[in-house]
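The structure under discussion appears below in the form of structure tokens.
Owing to the predicted nature of the structure, the values given are computational and were not obtained by experimental measurement. Every chain is numbered from 1, with letters handed out A, B, ... down the list of sequences.
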Amino acid sequence: MPQEQQKSVISEKYPDILVVEKKEQEHRLHDLKNVNGPVVMRMAPSPSGPLHLGHSRMAILNDEYVKRYGGRLILRIEDTNPQNIDPAAYGMIPKDLEWLGVNTTDIVIQSDRFDLYYTRAKELIRMGVAYLCSCDVNVFKDLLMKGEACPHRGLSPEANLERFQLAIDGKSTEKSPVLVIKTDIKHPNPSVRDWIAFRKISGSHPRTGTKYSFYPMMNFSVAIDDHELGLTHVIRGSDHISNTEKQKYLFRYFGWKIPEYFHYGTISIPDSILKTSIVKKGILDGTYSGWDDVRLQTIGALKRRGYQPETFRRYWIESGLREVNAEFSWDIFNSINRQIIDANADRFFFVSNPISVKISGSPAILARIPRYQGKPERGFREYRIAADSNVYISKDDLMNIKDGEKIRLKDLYNVIYRNGSFTYSETEPSREKIKIIHWCPPESSAFTVEGPDGSLDEGLLEPLAHEITGIFQFERYGFINKTSSARGIYIHN
RNA sequence: GCUCCGAUGGUGUAGUCCGGUCAAGCAUAUCGGCCUUUCGAGCCGACGACCCGGGUCCAAAUCCCGGUCGGAGCACCA
């Protein structure tokens with residue numbers, strides 16, 4: 001029966017079921033699979049620097065799910081590579097999370113747990129699923145590409161255990177020893193074939209000094225900890241898909257319950273500098289003033305710019321966690337932030353590129369400008385403007401005024417521009433649609449706006465705004481985080 | 001090259017698992033209107049999308065196959 005016919009039959013016989021309430025399509029994150037009771041989730045940054053915009057995604061998504069289902073959110077600091085650690089990051093990361101409103105219930109630092117990793121590694125060696133290899137790196141790689149075992153793969157657990165003990169005691173005489181996890185030497189994905197679990201790194205670790213020199217690789221310590229900490233759900237980027245496959249081997253060898261994994265697509269963030277190594281280099285050579293330089297997208301920099309924690313949360317919830325890669329949208333991010341800050345941002349006049357113009361024939365007048373259009377209870381900015389006074393307007397506006405054109409100085413009076421000079425027209429707003437521009441009184445003082453690209457815009461700011469700081473809107477200019485009497489940072493329009 | 005993943009308007013997404021309420025929702029952007037005066041906010045309106053081809057089915061954005069395009073990873077970073 002065609003659908004039309006079905007419908008007519010239904011409407012005759014069973015009219016009730018046609019009344020379907022259109023339900024609101026709520027914008028929320030999809031549910032996680034296999035949730036039975038409270039969840040245990042984690043975020044696992046490496047302490048190479050402070051958190052940035054990209055990190056905020058994983059932090060907030062994890063936080064959202066733990067809030068939804070109840071449970072624990074573990075901050076696990078992954079500092080198993082001493083060559084990639086900034087000691088200051090141990091303190092900066094929790095601060096960034098706190099500012100973002102991410103509620104972590106536990107903090108685990110992997111460098112506290114090296115003995116645990118050694119213990120688990122020995123168990124694997126005894127099971128015969130891990131071996132110590134001291135082949136040359138290139139030889140080892142070549143064999144794997146061909147799907148062939150290296151000579152060490154067949155050694156007995158006892159021999160491997162002994163050699164591993166020497167390696168962790170730092171007494172191994174073998175050249176570049178590594179502990180390898182056996183998987184499938186012919187696995188279709190070459191990267192999953194026998195993977196490295198530990199390698200030797202000389203030098204000092206910021207937290208453990210020279211006590212250890214045989215360090216676990218991320219795939220090893222992550223798998224061990226995900227089990228030991230009782231993780232139920234792991235959400236992370238699609239760049240970890242093949243890592244997940246590697247880590248599952250450990251779960252199977254130990255007979256552990258495998259957590260529910262979900263890999264979300266990578267978000268590329270345009271116009272951003274996120275790589276910690278590049279930022280760090282820039283800070284050292286003086287390109288950037290610090291981790292919170294306005295040109296960067298660290299949490300600290302965005303906070304200093306004037307972005308609100310709630311903006312991050314709303315943005316990441318709205319963009320969801322699909323498996324497809326996507327591009328971050330500054331337009332939407334800014335729009336969300338604007339909605340949040342607008343209501344509390346008083347309005348002021350800032351004239352960029354100022355030029356003083358005389359208004360001939362103007363009366364003495366008290367200008368009364370609302371701090372927030374439409375909300376008189378918020379108060380007014382009042383300025384006594386003398387007769388025949390000069391005011392400042394932006395040169396950019398001046399260039400756009402045609403000869404003979406009438407324009408309004410906002411909340412002041414109308415003027416006519418003719419032959420290069422202004423003449424007072426009337427105070428009452430005219431009914432006709434005319435261009436409205438902003439202005440500054442003669443006693444305004446210098447103010448500099450720092451742009452997100454590091455550029456500086458010099459201009460004049462009206463007197464009543466001098467002494468206050470915070471987030472304001474400079475009319476017809478944009479939202480500004482005013483940090484001192486003479487300086488502010490541009491947030492967005 | 002190999003392994004895996006994905007494809008909804010300019011952008012970001014909802015819906016896809018369990019085909020029909022989807023002639024496809026929301027946000028953002030753009031354009032227009034309203035608002036005793038911002039290029040802001042708010043309200044109203046317009047614009048605009050299911051990658052292509054085949055199949056299954058009464059019915060496909062949704063299931064199956066092929067193609068195209070895009071992405072992630074590829075071994076001693078995390």
Side-chain angles (χ1 to χ4, degrees), chain A residues 1-7 17-28 30 33 44-48 78-81 83-84 133 137 140-141 144-145 176-180 187-201 215 217-219 221-222 236-246 263 265-268 276-277 314-315 317-320 322-336 338-339 341-343 345 347 349 369-370 372-375 408-412 414 428-431 433-434 436-438 473-479 493:
Chain A
M1 192 186 292
Q3 199 174 358
E4 287 311 310
Q5 207 178 330
Q6 293 178 27
K7 273 186 180 162
I17 66 173
L18 280 183
V19 185
V20 178
E21 295 209 1
K22 187 128 192 165
K23 58 180 170 196
E24 282 279 309
Q25 283 189 338
E26 192 186 356
H27 214 108
R28 77 198 293 260
H30 65 66
K33 288 181 184 166
S46 68
S48 53
E78 305 204 329
D79 57 347
T80 54
N81 179 1
Q83 296 177 330
N84 186 31
C133 169
V137 183
F140 184 73
K141 284 185 189 178
L144 278 185
M145 286 314 287
S176 62
V178 292
L179 188 76
V180 180
H187 194 284
N189 182 350
S191 83
V192 176
R193 295 174 193 164
D194 286 25
W195 51 268
I196 314 284
F198 286 80
R199 84 297 203 196
K200 189 177 164 171
I201 300 176
Y215 288 93
M217 299 280 297
M218 171 272 221
N219 274 316
S221 52
V222 162
R236 52 180 173 178
S238 60
D239 49 331
H240 284 292
I241 286 174
S242 60
N243 289 325
T244 298
E245 211 176 330
K246 295 179 200 181
H263 298 98
T266 315
I267 296 267
S268 67
T276 307
S277 54
R314 271 165 58 182
Y315 183 85
I317 290 173
E318 188 173 316
S319 53
R322 304 201 301 165
E323 292 174 65
V324 287
N325 305 326
E327 186 163 278
F328 181 85
S329 168
W330 285 103
D331 271 354
I332 292 175
F333 193 69
N334 287 342
S335 166
I336 293 171
R338 189 181 299 121
Q339 283 169 31
I341 65 178
D342 177 78
R347 272 49 173 162
F349 287 157
I369 318 160
Y372 192 95
Q373 187 65 39
K375 295 218 168 141
R408 177 149 187 97
L409 298 175
K410 188 171 181 288
D411 298 303
L412 189 63
N414 295 342
E428 289 308 306
S430 38
R431 297 197 89 127
K433 287 256 168 197
I434 57 173
I436 298 165
I437 66 170
H438 64 290
Q473 190 203 61
F474 289 175
E475 297 197 40
R476 299 179 63 239
Y477 187 83
F479 288 89
N493 65 354

Taking atom P in both B/C39 and B/U30, what distance in whole Å separates the two?
13 Å
Which part of the nucleic acid does A/Pro188 contact within heavy-atom distance under 4.0 Å: base, sugar-phosphate only, or nothing?
sugar-phosphate
Ranking B/U37, B/G12, B/A78 by distance to the side chain of A/Ser329, first place goes to B/G12
Give none if B/C74 has no partner; otherwise give the nucleotide forming a Watson-Crick or G-U wobble pair with it, both distances under 3.5 Å.
B/G1
What nucleic acid atoms does A/Asn493 come within less than 4.0 Å of, heavy atoms only: base, sugar-phosphate, or nothing?
nothing
Answer yes or no: is there a side-chain heavy-atom contact under 4.5 Å between A/Leu179 and A/Ile196?
no
hbond_proxy A/Glu245 side chain to B/U3 base (donor-acceptor, 3.5 Å cutoff):
no
Of the candidates B/C2, B/U38, B/C4, the side chain of A/Ile436 sits closest to B/U38
How far does the P atom of B/C51 sit from the matching atom of B/U11, given to the nearest Å?
13 Å
Measure from the side chain of A/Asn189, starting at C-beta and using heavy atoms only, and say which of B/C76, B/A72, B/U3 lies closest.
B/U3
Regarding B/G40, can its base be found pairing with the side chain of A/Arg347 as donor and acceptor, where the two atoms are less than 3.5 Å apart?
yes
Would you please confirm or rule out a distance under 4.0 Å between OP1 or OP2 of B/U28 and any side-chain N or O of A/Gln339?
yes
Counting the atoms with a prime plus P, OP1 and OP2 as sugar-phosphate, which does A/Asp194 contact under 4.0 Å by heavy atoms, base, sugar-phosphate, or nothing?
base
Nearest-neighbour nucleotide for the A/Ser191 side chain, B/G73, B/C76, B/U37 considered:
B/G73
Could you give the CZ-to-C1' distance, from A/Phe333 to B/U13, as a whole number of Å?
17 Å
Among B/C39, B/G12, B/A78, the one nearest any side-chain atom of A/Ile332 is B/G12
Tell me whether the side-chain N/O atoms of A/Arg322 come closer than 4.0 Å to OP1 or OP2 in B/A14.
yes
Reading RNA chain B from 5' onward, which residue's closest nucleotide shows up sooner: A/Arg338 or A/Pro45?
A/Arg338
Between A/Gln373 and A/Lys33, the residue closer to the 5' end of RNA chain B by nearest nucleotide is A/Lys33
Taking B/G40, B/G12, B/C77 as options, the one with an atom nearest any side-chain atom of A/Ala326 is B/G12
Whole-Å P distance, B/G42 and B/G48:
24 Å
In the structure I gave you, are the side-chain heavy atoms of A/Asn493 and A/Arg338 within less than 4.5 Å of one another anywhere?
yes
Regarding A/Asn189 and A/Ser191, do their side chains bring together a donor and an acceptor under 3.5 Å, going by distance alone?
yes
Nearest-Å distance once atom C1' is located in both B/A14 and B/C26:
7 Å
Atom NE2 of A/His240 to atom C1' of B/A72: distance rounded to whole Å?
11 Å
Identify the nucleotide, in any strand shown, that forms a Watson-Crick or G-U wobble pair with B/G25, with both distances under 3.5 Å; if there is none, say none.
B/U13
Assert yes or no for the condition that the ring centre distance of A/Tyr215 to A/Phe198 is strictly below 6.0 Å.
no
Using a cut-off of 4.0 Å on non-hydrogen atoms, how would the nucleic acid contact of A/Ser176 be classed: base, sugar-phosphate, or nothing?
nothing
Does the plane of the ring in A/Phe349 sit parallel, tilted or perpendicular to the ring in A/His438? Use 30° and 60° as the thresholds.
tilted
Pick base, sugar-phosphate or nothing for A/His263, based on heavy-atom distances below 4.0 Å to the nucleic acid.
nothing
How far, in whole Å, is B/G40 from B/A78 if one measures between their P atoms?
48 Å
Once you round it to whole Å, what is the distance between P of B/U16 and CD of A/Glu323?
14 Å
Mind calculating the distance between NZ (A/Lys410) and P (B/C39) to the nearest angstrom?
9 Å
Starting from C1' on B/C4, measure out to NZ on A/Lys246 and report it in whole angstrom.
13 Å
Which nucleotide sits closest to the side chain of A/Ser238: B/A72, B/A78, B/G73?
B/A72
From CG of A/Asn334 over to P of B/A29, roughly how many Å is that when rounded to an integer?
9 Å
Using a heavy-atom cut-off of 4.0 Å across all strands, would you classify A/Gln473 as base, sugar-phosphate, or nothing?
base
Using atom P of each nucleotide, how far apart are B/A49 and B/C44 to the nearest Å?
23 Å
So, for A/Phe474 and A/Phe479, is the gap between ring centers shorter than 6.0 Å?
no
Return the minimal non-hydrogen interatomic distance between A/Gln473 and A/Ala345, and the atom names on each side.
N-CB, 4.0 Å
Taking any heavy-atom pair under 4.0 Å as a contact, classify A/Asp411: base, sugar-phosphate, or nothing.
base
A/Pro190 side chain: which of B/C2, B/A78, B/C76 is closest?
B/C2
For A/Phe479, which contact category applies under a 4.0 Å heavy-atom criterion: base, sugar-phosphate, or nothing?
sugar-phosphate
Can you check the distance between B/U8 and B/A61, where both ends of the measurement are the C1' atom (answer in whole Å)?
7 Å
In terms of heavy-atom contacts, A/His187 and A/Arg193 come closest through O-NE, 2.7 Å
Does the side chain of A/Asp342 pick up a donor-acceptor pair with the side chain of A/Tyr372 at under 3.5 Å?
yes
Check every atom of B/G40, B/A78, B/G12 against the side chain of A/Glu318 and return the nucleotide holding the closest atom.
B/G12
Please give the distance between the C1' atoms of B/G53 and B/G12 as a whole number of Å.
29 Å
Side-chain ion pair, A/Arg347 and A/Asp411, N-O less than 4.0 Å:
no
For B/U68, the Watson-Crick or wobble counterpart (both distances under 3.5 Å):
B/A7
Partner nucleotide of B/C63 by Watson-Crick or wobble geometry (both distances under 3.5 Å):
B/G55
Report which part of the nucleic acid A/Glu327 touches: base, sugar-phosphate, or nothing (heavy-atom distance under 4.0 Å, all strands).
sugar-phosphate
Can you tell me if the side-chain N/O atoms of A/Lys141 get under 4.0 Å from OP1 or OP2 in B/C76?
yes
Quick check for you: among B/C77, B/U28, B/U13, whose closest atom lies nearest to any side-chain atom of A/Asn81?
B/C77
Scan every strand shown for a Watson-Crick or G-U wobble partner of B/C47, both distances under 3.5 Å, and answer none if you come up empty.
none
Could you state the atom-to-atom distance from CZ of A/Arg314 to P of B/C26 in whole Å?
17 Å
Both distances below 3.5 Å, Watson-Crick or wobble geometry, any strand: find the nucleotide opposite B/G42.
B/C34
Round to a whole Å and report the spacing from CZ of A/Phe349 to P of B/C39.
12 Å
